[in-house]
Structure formats: structure tokens, C-alpha cells
4 protein chains.
Amino acid sequence: MQTIGHLIGGSIVTTGERHQDVYNPSTGTPSKQVLLANKATVEQAIAAAQAAYPAWRNTPPAKRARVMYRFRALLEQHADDICRLIGEEHGKIIHDAMGELQRGIENVEYACGVPELLKGEHSKNVGPAIDSWSEFQPLGVVAGITPFNFPAMVPLWMYPIAIACGNTFVLKPSERDPGSTLFIAQLLQEAGLPEGVLNVVNGDKEAVDTLLDDPRVQAVSFVGSTPIAEYIYGRASANGKRCQALGGAKNHAIIMPDADLDNAVNALTGAAFGSSGERCMALSVAVAVGDEIADALVSKMKAQMTALKVGAFSDKDNDFGPVITKAHQQKVVGYIDSAEQQGAEVVVDGRKPVVTGYEQGFFVGGTLIDRVTAEMVCYQEEIFGPVLLVVRVNSMQEAMDLINAHEYGNGTCIFTRDGEAARYFSDNILVGMVGINVPLPVPVSYHSFGGWKRSLFGDLSAYGPDGVRFYTRRKTITQRWPSAGVREGTQFSFPS
Amino acid sequence: MQTIGHLIGGSIVTTGERHQDVYNPSTGTPSKQVLLANKATVEQAIAAAQAAYPAWRNTPPAKRARVMYRFRALLEQHADDICRLIGEEHGKIIHDAMGELQRGIENVEYACGVPELLKGEHSKNVGPAIDSWSEFQPLGVVAGITPFNFPAMVPLWMYPIAIACGNTFVLKPSERDPGSTLFIAQLLQEAGLPEGVLNVVNGDKEAVDTLLDDPRVQAVSFVGSTPIAEYIYGRASANGKRCQALGGAKNHAIIMPDADLDNAVNALTGAAFGSSGERCMALSVAVAVGDEIADALVSKMKAQMTALKVGAFSDKDNDFGPVITKAHQQKVVGYIDSAEQQGAEVVVDGRKPVVTGYEQGFFVGGTLIDRVTAEMVCYQEEIFGPVLLVVRVNSMQEAMDLINAHEYGNGTCIFTRDGEAARYFSDNILVGMVGINVPLPVPVSYHSFGGWKRSLFGDLSAYGPDGVRFYTRRKTITQRWPSAGVREGTQFSFPS
Amino acid sequence: MQTIGHLIGGSIVTTGERHQDVYNPSTGTPSKQVLLANKATVEQAIAAAQAAYPAWRNTPPAKRARVMYRFRALLEQHADDICRLIGEEHGKIIHDAMGELQRGIENVEYACGVPELLKGEHSKNVGPAIDSWSEFQPLGVVAGITPFNFPAMVPLWMYPIAIACGNTFVLKPSERDPGSTLFIAQLLQEAGLPEGVLNVVNGDKEAVDTLLDDPRVQAVSFVGSTPIAEYIYGRASANGKRCQALGGAKNHAIIMPDADLDNAVNALTGAAFGSSGERCMALSVAVAVGDEIADALVSKMKAQMTALKVGAFSDKDNDFGPVITKAHQQKVVGYIDSAEQQGAEVVVDGRKPVVTGYEQGFFVGGTLIDRVTAEMVCYQEEIFGPVLLVVRVNSMQEAMDLINAHEYGNGTCIFTRDGEAARYFSDNILVGMVGINVPLPVPVSYHSFGGWKRSLFGDLSAYGPDGVRFYTRRKTITQRWPSAGVREGTQFSFPS
Amino acid sequence: MQTIGHLIGGSIVTTGERHQDVYNPSTGTPSKQVLLANKATVEQAIAAAQAAYPAWRNTPPAKRARVMYRFRALLEQHADDICRLIGEEHGKIIHDAMGELQRGIENVEYACGVPELLKGEHSKNVGPAIDSWSEFQPLGVVAGITPFNFPAMVPLWMYPIAIACGNTFVLKPSERDPGSTLFIAQLLQEAGLPEGVLNVVNGDKEAVDTLLDDPRVQAVSFVGSTPIAEYIYGRASANGKRCQALGGAKNHAIIMPDADLDNAVNALTGAAFGSSGERCMALSVAVAVGDEIADALVSKMKAQMTALKVGAFSDKDNDFGPVITKAHQQKVVGYIDSAEQQGAEVVVDGRKPVVTGYEQGFFVGGTLIDRVTAEMVCYQEEIFGPVLLVVRVNSMQEAMDLINAHEYGNGTCIFTRDGEAARYFSDNILVGMVGINVPLPVPVSYHSFGGWKRSLFGDLSAYGPDGVRFYTRRKTITQRWPSAGVREGTQFSFPS
């Protein structure tokens, strides 16, 4: 069985340490193994990054960017291989993996623009003949800890821009589906990145804690669940590190009575069930304003969902694949059970999907639950499965109050044709990423990704302009030249 | 005796609670009292800020700015009163207080530009007919905790820009010299600020902890010593708040062999002894490169220091005044003692200054200590008194290594005429604020103030562009209008 | 009779040269005289500006801004005097003059932020140890030529930001109503502006041509009619000057079938008749989409217009005042005649308004003309009077085609509740300033003002960010320090 | 003999019209022919661009950028072919052509960042619930007219960013060396650019005038000599087009007494003789401050120049090649003659270079002329050949006065180690591009290129941020939604 190792100082390391099985969630069986780095291995990776830092920091940004241009081309060239690896280990269908990769590539494109992005502010004459300017200097060694649900994209949110800014990087990806992540990192190496600038260590809590505690690591970016995000943020901050930790979500869509309902139903179907709902931006709650639109919505959703195909990653006719593990499958089913027990109405039930030929796969079918209320467990917690809840309210304000009261504030969306409703919503909703008739309002790579409330710990969002700011620190220089000796002296030395 | 109270919801509160003496450091006697707020009072201030928030948030930025224009005019108008209050409670000479106030006013000026500063980024066609833009929305109630050494300026680093951005504010100034701070806050009220938008509570640890723990407070800005900064940052972060905490410093100036020495000596004198060295940007270490320049420097400094006048705040002929407390006076003297004991040479000794008529004042005279080494206590710790250390090294690299190895990274400076030396220094020094022949490289108000290493905890610097970013959170909206019904429908309704 | 002179080198000049009467349009009689500068006088003003330039250019931007803060305060303080002067000479009602002045003050506020606005871009390491940055340096002496319709506001679009950027200025205001312009200029003097930095010359074509031809004048800003704008732009450009010349307009509002009609009618009334329609942003054409909304619009407008009060400037109950001259009054009436002759329907006829006590005033009453078509003279030309045309079309596309085919492209507006219609309109309309339910979409002072097509000649818009760019020129500096002599030399000079 | 045609609407056109010989300047013989487009052909190209505009304008910027990523890769892939074509027709040595191409590629890289560069400014609440933002929309069809000396680079200054901004383009390159330009345009086609977005027409004045007069062309960028630039600017402006026209130069380097002379001599040699001095940024005048440094400079230059190799483009050991035509060769020699006649000292004489095997080539050897004065013809005019003049002055101020008095203000440089001298120079010199110890201070692609005085006509510089601004026009939208009907209505429609 293949063993997935680490990338340290430009070389693949495959020996020693503990192992863990990597499953193919479509078949339900382990297909590879991954090394779990102990503290010493992680420290080796940090040391490699530290050693590579001085030269990389002094490489002109335009030259650093050129590595990213080549990386971008290699990612396009190897897209099929990457998507197959994602599918095998994560389970998402090939077209969905392609979408993920494309979003990742866009972050590499953003990093290509780093000479523009690193421009500081220059002020002439802050005082008489005194100038002042800011520089955004790299931090040094920085670390990223990334989740299983986007093994290609989320790491690409982090290290391209961090590295383009002049930092060196240690990445600890999810140990559940590390294959594509490592493969992509090797492509960056192939693109001409000097050894040690990007290092990948696979591992578990031991690896994470090493990164959080080692004084050479200057900053940590994390994406995962809220409890872990909170742990990471607390520990990194206590150690004096800069940290941004992105956590969970419960993304609501408000369906207004004037919504273009066909459009909304299409949008919801993709946004709720795509990637089995294992996305922090998945739309998991539809809030219908008025019973009339609620009835129409549920009826249209039900009809549309009959066509949904769940199955193995390799068949591109499938709409979505399995969830990541057996345990997670059971957890999702448990949420549906609890909804039923707490009085909600399971309109479409995905608890026992039939996927012929893949009976052991970790599948959950698309599920629609109507008449959910704010007190239910399925509403309060993040399910991270292909389950769409419908909540019925009587006014837009009631819908907004519901959203504003929820613990999470990652993404949200409104379906309406009305300019005033859209503006009021986007202004007053306590959520960081807002869609107007856009179900997955993931900001494009040249904007930044960040939730509010308990969806993000830290001041700065991920990637885009905030990514640049996170991976650099401001230095402000104030300059005065006191003496005109050389300039005026020459007048006396050489009289005409 | 006058009692200095709180400003809560637009009214001065002077009743209840514990008291503490406020000294006149020039005479060494208490002249006023200050209330120390208990938890309930602080919560009242937070509640007032919370209540004022919705209306203030929705006030257009240009209108919020207009309050700042009037505030600016009132500050200029009442400058003498403010400086007298600073002098009485802090001890700094009137011209120094005027300089402090001027810097504070410049931060108000920056806040006047808030309509420009709040501009978000707008992207047309992030996808077909999809637009996306960012807004920088206020956080809600934010808090500031400020030190004794700049009772006017440091609060003005914080609340003008925070308030201009649409937040409401609770300020806890230093209980040692709260008079000018409160007076200034009342001027902002007079300028037309709605009640409750700015609140001032005087107090001690109880007040601080209440601000750090109350869930209504969204962010905390702090300026003070490093141990307290670390405490504040840890506790605020653990409570999920945004925090920036500025701590101590040990600011070095490198004197290169080609420096314009007269200029350097003038600059060092002001930067080391001004405000009795009680500035986080005070230059406390001169690193001379080569014995030749070191000897010349010490000799010129010694000569220049004979003219230094220490005395009461009210005599504008004085160069600097007392330190803040008796205890601090003794602490500074203790550092000089220890330097002597550890083998340094006290060239000019300020331990027993004679200030006729003010024998009980907390005075320390200007002190110059040569042949200091990195192992000495006086070098390792922040003295915060009118004491300049001279360290002798053999190369510029040695000087830089010394600076880069120190715990703090607030400010630094080089004296040279050489472009290459200046550029190498500013590029490679691990300090956030760098001067080239500028002894106090405090960034102007339209840049940002922030040290590196243990001089600042947090991602974002104080005031200027980083101040705006700190007091706002990014919201990204992605918008698509799905239906052309209204636009196209009319063609059919009204055929020609 | 009072003679209005020039401001040259800090002094009022009232002698010599030709004169012209200044009328009070409300009474129809001349009340003052204005000097008309000959070439020599204009050259004197240019010389004064040239002499003041070097010192002003080198004054730090923050200090230049401080003059603007004081200017701002003086403008607020003297608002009543200014508005009375505007009323006497231009005829606009006091509340309208106050609105004009307020907009002007906002441009002064923008100029207060000049330290922020002048920030250049700084790039570290454009090559190995090579840095590059841009500076936006002032141009030198620049000139402004301004129209009668906003004697306070339009000059304030220009010289505050030009001067704050470090230029010196020669202003030639309209000779029809020069009083408030000169008074305001004197306030800037009073605010502490050094002599010669701002100069005002009154005059006619001789003065204009002198400004256009004098090689010391680096740039010219003009606002007026399109034929003159074209002349100014051609002559200034041929003389190698930077020029921006703003001309005429024909601003259309589209009324969609879903518009909030009460709101639209209110908005149109103000935007069409305010200031007697003598605004380049006046809404002069309402394009109703479908006869249903057209009928309703005309009917509601007619009703609303019965309450319109035209009269002397001094009565604040009046809605609008006279037009500027007898000749212009006749011209406006002529347009209404021609509309009638060409088959349009004069629904409300303002050709013979009764203004008791002011029978000789240059009044035209509010006029509404329905069933106007694109072939009519009243549609093709700018009327610049209180006349609103209604054009009826069958589709939104037809309405947009009409607008896009018109010679002018200054402002436009749509009334709708529909997000899609608004977005399609703003995207595809060939007009520089677009309102969505905003009848007068004049950009706020921190954005820029500029029409498209024959409404503006030049690359850059007026005031705001484009104003800063217009009044400065980019200088890009690339810097490398070749020798490390001083830095490394010291290692050898002083070995340990 | 090969005929070089046009690229119109995606196809190569090689028939009809007039022809002109294209020479190989290294051999002095014609090797190809180029078509000269008549008016009708140019209009065809404009029509193709016009037809391609609507779809291209609506293509999301990120998609437009993706064409540029592929273009960039193709340029790297075909670099050798391109450089050979440049060498054959222009004569520059292969390594110099490679440098040119690299600079061109950097402009393509800048265009890749267009999603970031097109961001507009968004302001929330410019009034109560009123928002305003700017968009930078493309202009439509724009044209570029480019010179012979950089057949690859100068076109790449223009169309990549123009096209990335959403415009379509008609390029008229120099008819002297059109081969590489056309080849590169075809690579962009191959990269996936839709047909008609970029068109290339070869031609002479007839083609130029057609572009200047056709009303469909919205803007013209030109690089060439000052008399033609002035003509282009005047005619385009008179036709209401946006225009930037870059003209000639006379770039001075000041050699200060403290300069690192070896570095300066190396820098001057490359900057004066590279590409035979046929660069608008070539350093053509060395101003030595004091006879001592002047003597040393002349002596070191003379020594260094003995090693200079002039010869055919194909031998990469050569330092520079022939000039572009026989006529130009004679003109350059004429300037050297005139210098001699006017009393200057020809220290190194390149008038009769021996290039064995290429006796008919248009060669001029590296020439050094000392003791040049401001009155000489060779000083006043642009020579555009491998000729370096030395002027001797007695003070830095005298050197600066000389530069500031010259007609041109393109580039300049100072050689010094002194920070004060460098800062004073860069602040006060009336030149747009300034080098500190950088002999060819061509701004990198993410800054902008522009001279002052008669070196550039127009407000905005070429490429970089100014390029984006030049190829877009600002639209400002102000938006208010008047009615809360949909939002509030629902409360009543669906009571609980």
C-alpha cells in the first residue's frame, strides 16, 4: 500500500513514525497510508523553512512571482491527476474537484500580482525635507493547518500568497486526504521554488502543537471546525504568534416572496448538496418569508431533488459523493433523526441511499427537512452533510433576527429582485460574506474570505488583500538627511 | 480637593466608589482625587456605548467627520488649559505638553478624512453580470486603555478614528493623570458628539478586567508596559475579542563614523531626556560604531548636558520635568546604581538633582552612562527615565545584531550620511519604526504606529491606515440579479 | 456703485481697466460693477502665483492642509454673507445657495485630507537592493475658469485641492456674479494662505486667452458650455498645457413602470426646477417607459407644480429664483415656443410668471412639456432653464438608446425598484454620473465629477481623486546604493 | 521576398496596397517587404475592433486575464524567434533583444493582474442609505502607434493592459521593423484572444491619420519623436480623443565627486551605447561636477570603451549593433562633426567603425565627446546614436540648472553615495524618471513610464497604474432604494 510522506527541504520523506490509513470514502476501504510526523520531524521542517528564509526574503517580488506563474501552468497541466487524487481520498465528484482546483488556481493568480500588492505608502515632506514610507516585510516562517474538505483549495488560499510575500512555509494538511495536497506542493517545487521554502508535514495533534509552540513559527493560518479554531487561536496567541483561525458555519438563505423561485431552487440545490454539504460555505438553512413562498419552495425542491444522483467520485454523472468517514456518515444521519424526533418534517430522506456497487461507501443522500425551528439541535449545530433545513418565518426582519442570533456568521444569502431589500439585508446582517441571489458568496481570490462572530478568530480574513496584510508586517521608515555637505561643498572645491 | 469622575452617556459622574490621589509630581503632593470605577459603573458605560451604537453606526461618515472638525477646532482653542492639566498631573513642561497635544490633534485630523478612509473595493463582473465589493463596517462598542505618559495623545490615537469609523467607545485612561483626558473628552461632547458615543471611566484593574470580559466589548486597544500588554492581549483574545496591545521599548540609535555629530548630539539630547525619558519612543541607547566616534559623542553629549534644565512643569525654560511618582523616581535611580555596580561609567549623574523650591518633586536629572554592555540590567530593561546609555561596538553589523537580539523592537535610528548604510539598516533591522537621522521616528498620523517583537501584540498597528482596519471589519458582498423581468417586460406591455 | 476688483498677491486691486455691470437678476437692475482685467493684469496675477510657488511647494502637505481647516471654519462662519452675495448676483434662493456652499465646503474638507491623498507607491526590491517609488508633485501655477451658475461651489471644486497639492492658482470667475467668489477667496487669505498662492482676476475673453497662452500656466480647469469648453481644451492643449474642460449636459431620467412614483415626482421637481434649471446636472428630460406611467407622471407633476413658487432670492419661501440675464430669459422662452411649434404639448407653461414687486426680474416659471421627441430643438440642446421635457418610449432599451445617442453624457438617472434594471442601466449607459433613484447624482467630494462624450474634454474628472491626479504629476524614482564602504569599512577601522 | 502584412479580425492580410522595403541594418540590404495600409484597410481594422468590443467588454476581467497568462507563456516559449526577428530588422544584438522582450513580458504580467487593478472605490452611506461607487469602464476601440527602436516592448506597453481592461485595439507599429511585432500579435491570438480584439496594421502617415481622425477610435497612445508626438497629440485632441504622446529625450547623468566611479563608468557604458543609443532612456550626457572627477571619468570611460564591440546582431559577443538606417547613420555622424566644429573634444571617435564582413551595415562606433557646452547643437538635440557627451560644471546646482533648462524631461540620474544629495536631486529636478545610481531609471511594469516637459504630451503616463487609468473612464454611480415595500410588506401579507 502506498505511503504518503512529508516534503521537507525539497525532498520527500517517507520513513519512520506512526501511520494512519487513508480511506477511499466511495468504497469505504483504506487504500493508502499516511505518515504522522512526530515533533522532531516537524521541527526539521521548521528548520528547513528557517534556513530557506533569508535568501527567499531577499529575492525580488517579481522573481518570486515568476515561480507562481510556472506553478499556475503546472496546476492546469496536471488538473486531471489532482482531481483524481482528491476524488479517491475525499470522495468528491471529478467536476466538483475541478471547481475546487480552479478556485485554488485563482489564488495562485492573485499571488502572481505580488509586486503590485506589496506596494507601500510613500509620503514626501511629512516635515520639512523629511520623508516617510511604509514597507510590508515578510514575517519569516509561517504555518498553515488545513481541513479535509478542500485538500487542494484551502492550502492554496495560504501558501501561494504567503510565499510570494517572501515568507517560507510549513503546511500541515488533513491526514484524511493528504495525497493531492502533497502532489500540488511537489508541482510548486517543480516550478522552481527553492528547497525549504514550502514544506509539508502530515500528522495529527502532535504536529499541530509543535507548530503552535515553536518560537520560530511567526504566524499560523487555520481552517477547520470552531472548537479547534478556538484552541488554535488561543494557543498561538498565547505564544505571541499572529493567528487567523477559521471555524464553522451555518449559512442561511432568505427566500423573499418576490424571489425568482426557479433560480433560487437551482441555486439552493447546488449550494446545499454539492460536495455532500461538506463546505463551510454550504447553504444549510433556507428561511422562507411567508408560508406561500415556503410551500412553493418545498414543493419545487422536492421535485428537483428526485433527480439528484449520489455516488462514487469517478462517475461524473453523479452530483455528489460520499461523506468523509463512516463516523461522519453516522453523525449526519443522527442529525436527521434528531430533527424528526424534535418535530420537523423530513420531506426528502437521504438516510439510506442506495449506491449500487458501493454498498460500503460513506454515502448520505440529499435530505430536505421542513418546519425546522431555532430550538432544534439540527438548526443550532453545523451538520456538514447534504441536508437542507427549511425554516418558515413571517417577515424579513424575523429572518434576519434569526441569522443575527446564530453563533456563526460565515456566509448568507438573500433571494429577491428588490434593490431595497437587498441593500437593507447586506447592510444589517451580522455575517461576513453576503450573497444577493448568489448562494455561495465565496469572495473571488482578489477579495478576502472571512466570516464574523465564531466563524473566524483574528483580525484579518484569509487570502486576497487581507492575506497579504496577514503575511506581512508593517515597517515605517522616517528619513531626513541632515547635511548638504556633498551637494554644496563642491561649489567651493571647484570655483569657476 | 477636586474629584475627577467619569463621563458616561454624556454626563459627568462624580459619586460613589473608591478614590485615589492624583499627585502633582513637580511638588510631590497630591492635588486632586480620582474616582475608581467598580464593575457596575464600567458596565453602565458599556451599556451607554451599546445604546448609542445603532444610530451612530448609521450616521453617514461625512457627518461623523464633521464632529471631528469641530473637535479639532476646540482642541486648538483650549490648548493652554489642556497643557496646564497635563503639566499639573504628569509633570511635563508646557512646551512638551503642547507637542503632545499637537500630535493628538493630527490624529483627529486623520479621523476627519474618514469618508475617504472607509472606501471599500468594488469589482465589476467577478463573474458574468456578478459584482462584488467590500465594506468596512464598524465593530460596535470598543475600548481603549491608555498610559500615564501621554494622557492627551494616546487616547487621541484611538477614539477619534474608532468613532469616526462608526464605533462607540469606552476609554479607561491612566488613573495617575486623568484630568486632561477627561477634559478633552468633554470637548468632543461639546463638538456635537451624541451622548454615549464616547465614555470615559477612571479606574484600576477592576475596570480593566470588566472591559476585557464583557461580551459587548468587541475590541480593545492598549498602550502600556509589556507585561500588562501581554496580559491584556491574552485575556481579550481568549474572550474572542480583537486586540492590539502595545508594550515597552528599548530604542537604540546607531552613531556611524560618518554621522553629522552635532546634529546627532542635538537629536539625542531631545530624544533621550525630553519628557524625562518617559516615552515609549525615547532613545535610551546610543550605539557608537568605533571608539573614535564614541569618544567624540560622549564628550559632546557631556558638554551639551550641562545646559539641561530639569524643573517644574510650569516654567517653560525647563527642558524636562519630574518623573511620574516617587516610586518610579527610586526605580530609575536604582537602574543608575546598578549600571555603576556592573562596571559602566556614569559620565553625567542625575541621581540628585537640585530643583530649588521643588525639593519634594519627583526629579531625576539627565544621566549619561558610557561603556554599557548587553549583560547589564540597565541595558536589558526599559528604564523609562532621563538616562542615556552608550554602548561601544566595532562595526555596524555588531550594532545591528545587538538591536536585533533585544526583546523589544519598537523604534530605532541610525545617524549617517551614507545612502547605502541607511538602506541596509532599514531593510534588515527587526524594529517596526525606523529613523534615518530622525531620533524619534514616530510615524505621522496618516501612517501607523507599531513596534515589532515584544513591543506590540496583535496584527495591526495603532492609528493611521491600520487604525481604520483595526476598528472595522470587512464584509464582502457578491451580487447577481437573476431576472430581467422588469427591464424586458415593458417591451411587451407597451408595444408601439 | 460698488466695484468688484481682483485679488493679486494677497491684495485687492480695484483700479484701472474696463468695467461691466453686475445685475441683480431678481430686480433686473445693475447693482454693482466688476473690473475686467486686461492682459497685463492677468500676467501680474500669474507672476504673483509664480513667485509664491517655490515656498508653497516646499511647505509640508500637513501644514498646507491646516490652512484648509481654518478656511473651512471661516466658510461656515460667513455662510450667511456668502449666500446673500450669491443671491444678489445670481438670483438663487438663500436655501439653494446654502446647499451650493455646503457642497463647496465638502471640497475643502476633501482638501484637508491631502497628506493621505498625496501618498505615492513604494516598491522595495524592484531588483536586487533596488527600490522604486512614485511621488505626485505639484505642477506650478494652475488656472481655473468658472461659470456663473455656481459662483461659490465650482471654484471650490478646483483651488482647494490644487493648492493643497502644492500648486499656486489664478482663478477667473464668471464676470456675471463675481462677488461671492472674491469674498470666499479673501476668507482663504484670512485663513493664513501666503500671499500670491491664490489670485482672482475678473475679466472676459482677454483674461481667458492670457491664461490659456501664458507659458507659466501649467494647467487649466474649466467649467462652462460645450462650445467654450472645446475652445479652451483645444487652445490649452495646443499650448502644451494639461487641461480639463467640462461642458454642457442634457440629463435624462428614466421612469420605469415599477418606479416609486411619488418619490420620483418629488425628485424630478427639485432636480428640474431647482436653481431655475441652471445646473449642469439639472434633470431636463424625463423618459417614461410606457404610456401608463407617462400619464401618471405627467398628471402628478402637473399637480405638484401648482405649488412651485418662483420669486426673489431673498424670500426663503420661494422654490427658485430668476435666470441669470434678460437675454437668457428670452432664450429659455424661445425653447418653449419652439417645442410648442414642433408639436409638443406644453402642460405647465412658465413663460409669463407673475412675481409681484419684481416685474423687471428675469423670471421664468416652472414648465412641463409632454410628448417631446428626439427631433425637436428643445430636446437636442441644453435649455438651462426651469423646463422639464417628457419623452414617451415603449421599452427601457429604447430609453437607453435615446440617452446613448445624445451628444452629452453628463448625468442620468433611473427610477425603479428592480435590482436587475438598475444594474443593467448603470452598466450600459454612456454617461459618466449615474443615479439609481437619485435625481442629481453629483458625486460626493471624495469621488470625482465627470461627464462622458461632449460633456467633458480631458482624461481626468474634476475634484476628488481625479482632482488630485490632475493637479499633480507623477515622478518615479529608482534608487540603488552601489557601495557598502561606510557600512563595511568600519569593521576594519576599529577592530576589537 | 517575404511580405509582412496586417492582422485584421484574426486573420493575416497580405494583399493589395503599397509596399516598402524592410532592411537588415547589419548588412545594409533589404530583406523583406512590408505592406502599407491605405485608409480603407485601417478602417477595416477599426471595424473589426469595433465589432469585437461588446463581447470582449462583457467578458469578466479574470477571464480576460487568463488570455494574458497564456500569452505570457507563449512569449517565453518563442523568445528566440522573436529576438531573431528583432535582430534582423532592427539590428540590436540578441542579448539586448532578450532584455527588451523581458521588459515587454513584464507588462503582460502586469496585465495579468487586471482584476485587482480595475477595483473601483465603494462608499457606503454617502448620505442616509445612499451608496456611491466608481467603476473604471473600458473606452472601446483604442489605437497605438509605436516606434522602431523597441518593436517588441513598446507595443507591449500598450495593448496588453488596454485589452485586459476590456478595450479592443488597433496597433500601427513602425514600418521599419514590423516583423517581431506582428509575430507577437499572432501569439496573443494563439493564446485565445477572440478575433478582432487586437488588430495590427502596417503603414505610414495615411494609416496614422486615419486612426487619428476616425470617430470610432476613442484614444491614441504614441511613442516616437517630439515633433510627431506634438502632431499626434494636437490632432487627436482636436478630434476629441484621449491621447498620450511620448516624445524625445536628452537624459543627463550627474557624476558627483563622491560617486563610486567604477560603478558609474560601467553604468554609463551600458546606458549610453546599448542598443546604439537608440533608446529614449539612453544616457547621452554625463555632467561631471568638478574637473577632478571629470578628468577621471573621461580617462576611465576611454579605457573602458576600447573593449566595446560593435557588429552584427547575430553575434552575441557584440555589445551593440548598427543604427536603423543609412540616413540615420549619416545624421549621427553629422552630430559628431558639428560637435568637433563647435569646439568640443572627440575623445573616442566612432565615425568610421570597421565591421569586417558587414561593410555596408549602418554602423556607428561608440563615441565620447568631452567639453561639450549647452550652446552646441549636439547638446540641444537628441542624437539617438552611440554618442556620450561630457559636460563639465562647478557645482551640483549648476548641473541641475542645466537639466532643468533643457527642453526634454524624460530621464535623469545622479551618481553619489550621499543621501542628502540624492534626495535634493530627486526632489527638485524637472524630470519624470529619476535614477539614484541607476543609469536607466525605466520604471518597472507596475509603476508608470512618463517624462515631463516636451517628453510627454498628456496627463497620464504609459503602462502601470497610469496605463490602467488611461485606458478606462470613470463612471460614478449613486444609488438609493426609495421604498421598503417588499421588505416590510411581507410582514402584513403573511401574519402568523
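In what follows, chains carry the letters A, B, and so on, assigned in the order in which the sequence lines appear, proteins first and then strands, with residues in each chain numbered from 1. Note: hydrogens, waters and symmetry copies are ignored here, and every other heavy atom, side chains too, is used.
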| Most chain A-contacting option - heavy-atom pairs closer than 4.5 Å, from C/Asp418, C/Leu118, C/Thr59, C/Asn125 | C/Asn125

| task | Below 4.5 Å from any heavy atom of chain A, which atoms of C/Thr416 appear? Answer side chain, backbone, both or neither. | result | neither

| remark: Nearest heavy-atom contact between A/Thr168 and A/Ala49 is OG1-O, 2.8 Å

| If we ignore angles and hydrogens, is there a donor and acceptor under 3.5 Å between the side chains of C/Tyr424 and C/Gln397? | yes

| said: Looking at chain C, which one of A/Ala129, A/Pro60, A/Gly419 has the largest number of heavy-atom pairs inside 4.5 Å, strictly under? | reply: A/Pro60

| query | Salt bridge or not for C/Glu135 and C/Lys475, using N-O below 4.0 Å? | reply | no

| field | N-O pairing of C/Arg72 and C/Glu109 below 4.0 Å | value | yes

